[in-house]
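Below, chains carry the letters A, B, ... as their sequence lines are ordered, and counting in each starts from 1. Both backbone and side-chain heavy atoms feed into the values below; hydrogens, waters and symmetry mates do not. Since this is a predicted model, take the numbers as computed values, not measurements.
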2 protein chains.
Amino acid sequence: MAAARTTRRNGRREALLQAAAEVFFEQGYAATSIDAIIERAGGSKRNIYNEFGNKEGLFSAIVTESADNLLSPLVIEEIEGHDLRATLTAFGRHSMDAYMSPTLIGIYRIAVTEANRFPDLVKSFYEQGPGRTAVRLAEVLEAARERGEIQADDCLRLAGHFVGMTRDNLHLQVVLGLRPPPSDEEAREAVASAVEIFLNGVRRSRK
Amino acid sequence: MAAARTTRRNGRREALLQAAAEVFFEQGYAATSIDAIIERAGGSKRNIYNEFGNKEGLFSAIVTESADNLLSPLVIEEIEGHDLRATLTAFGRHSMDAYMSPTLIGIYRIAVTEANRFPDLVKSFYEQGPGRTAVRLAEVLEAARERGEIQADDCLRLAGHFVGMTRDNLHLQVVLGLRPPPSDEEAREAVASAVEIFLNGVRRSRK
DNA sequence: CGTCAATGGTAACGCCTATTACCGGAGGCC
DNA sequence: GGCCTCCGGTAATAGGCGTTACCATTGACG
């Protein structure tokens, strides 16, 4: 049956992507060799070249598929009661979880260095991930503004401030490998603190 | 005279560091070849190996020296009147300028991917840069807390929130090559907005 | 002006990498 | 069951890399 062959092939594809992602994320794009990937995945190089064409193709597949898996929930999930505090908290927790996940940390690391080599890839990564998140949050804030709960002149900038506040030095430290991702407890505290400041800051009259 | 030889040598050293930094920042560590550096700097490979020992030595020299030049002003400068708004604004502006400078963007890009290869280098980079900045700001906040101007339980976390807010998506976009560094005007606005939110957020009673 | 030490340039070495040519074997199809 | 197509593994190719051996040159010093 063709189907059997297809599923077997999909399994292979998955295994390859998995192994390749691990090596790419550990070593970076340039320092990763096809041999190293095969060593981890089993099989042979021919397998990779049949499935992805070349190294660039494999890398692109990883980034787009991982980004899809990780980031789409962030967008789709309709976090939207009318309680702004709850909404922000949920938003913060979800984005923190996503940003701190090993996979996204890995992608982030490579995206940063390979921005010159894969500009399109990086652009779509940003737009589907952090960019869309910010836009979505800006909409939420806009709605709150129209309800008179907050004062703001540029909701997109405000959204940026908020996500920046939740990311802050934690993300930097994790990305630099200086500390492990935060525990649930730490994440909860960081988000709560950020939400509190943000809400207070935005609620009162601003110039 | 030995002095003449020394200064000529220092000039060479500077030129090499400059050229090497450009290539490293554009291409990343692994993808940068010694030949490419020489092509840009003139001279010959022997020059590099005499001066820096090997590729790692050259790279380490770049990171430590650039970081020193760029980050030490951030710490030394004693921004400290008793006007918290002015202090925060100055702090925000300085750190924004530093973080958005092409050199620091370049270092940041590489530090992120080469964290596994050069853990010590990355650690000292963080501690001399973002880490120390946060600690310094935390001290300022602590002082304000003791004067009763703000309420806080963890000033270091608060400091992290503030710098995160000023960096926010701008830094991410610049690092990913999706937009140029902000103009003075944009930087001013972003910092002013962050300061406003932060001050309001922190001033009122927090749980 | 001759000697000597050190430095800069060229070319080689050995290794590693992405990519492909080739071949053996394992199914699908009649 | 026999043929045929496709796929996976091995080994070869061609190029690039960091590093070093070797030689020419230069500038200081007596």
Q.
For B/Arg46 and A/Lys45, find the nucleotide of DNA chain C closest to each by heavy atoms; which residue's nucleotide sits nearer the 5' end?
A. B/Arg46
Q | 5' precedence on DNA chain C between B/Gly43 and A/Lys55 (nearest-nucleotide basis) | A | B/Gly43
**Q.** Pair A/Arg85 + A/Glu196: basic N to acidic O under 4.0 Å
**A.** yes
**Q.** A/Glu65 bridged to A/Arg13 by N-O distance under 4.0 Å
**A.** yes
Q.
What's the closest nucleotide to the side chain of A/Tyr49 if the choices are D/dT19, D/dG8, C/dA18?
A. C/dA18
Q: Taking only the side-chain heavy atoms of B/Asn47 (C-beta and beyond), determine which of C/dA18, C/dG9, D/dG9 contains the nearest atom.
A: C/dG9
Without decimals, in angstroms, what is the distance between [X] [atom1] and [N] [atom2]?
X: B/Ile38; N: C/dT10; atom1: CD1; atom2: P; answer: 11 Å
X: B/Phe59; N: D/dG18; atom1: CZ; atom2: C1'; answer: 16 Å
X: A/Phe24; N: C/dT17; atom1: CZ; atom2: P; answer: 13 Å
X: B/Arg12; N: D/dG27; atom1: CZ; atom2: P; answer: 12 Å
X: A/Leu16; N: D/dG9; atom1: CG; atom2: P; answer: 10 Å
X: A/Ile48; N: C/dT19; atom1: CD1; atom2: P; answer: 10 Å
X: B/Arg117; N: D/dG18; atom1: CZ; atom2: C1'; answer: 13 Å
X: A/Ile34; N: C/dT20; atom1: CD1; atom2: C1'; answer: 13 Å

(Q) Regarding B/Glu22 and B/Gln18, do their side chains bring together a donor and an acceptor under 3.5 Å, going by distance alone? (A) yes
(Q) Just by distance, no angles: are the side chains of B/Arg167 and A/Asn169 close enough, under 3.5 Å, to form a donor-acceptor pair? (A) yes
Q. Of A/Ser44 and B/Asp35, whose closest DNA chain D nucleotide lies nearer the 5' terminus?
A. A/Ser44
Q. Quick one: which of B/Lys45, B/Arg40, B/Lys55 gives a salt bridge (charged side-chain N to carboxylate O under 4.0 Å, His left out) with B/Asp35?
A. B/Lys45
Q. At under 4.0 Å, does any side-chain N or O of A/Asn50 touch on OP1 or OP2 of D/dG8?
A. yes
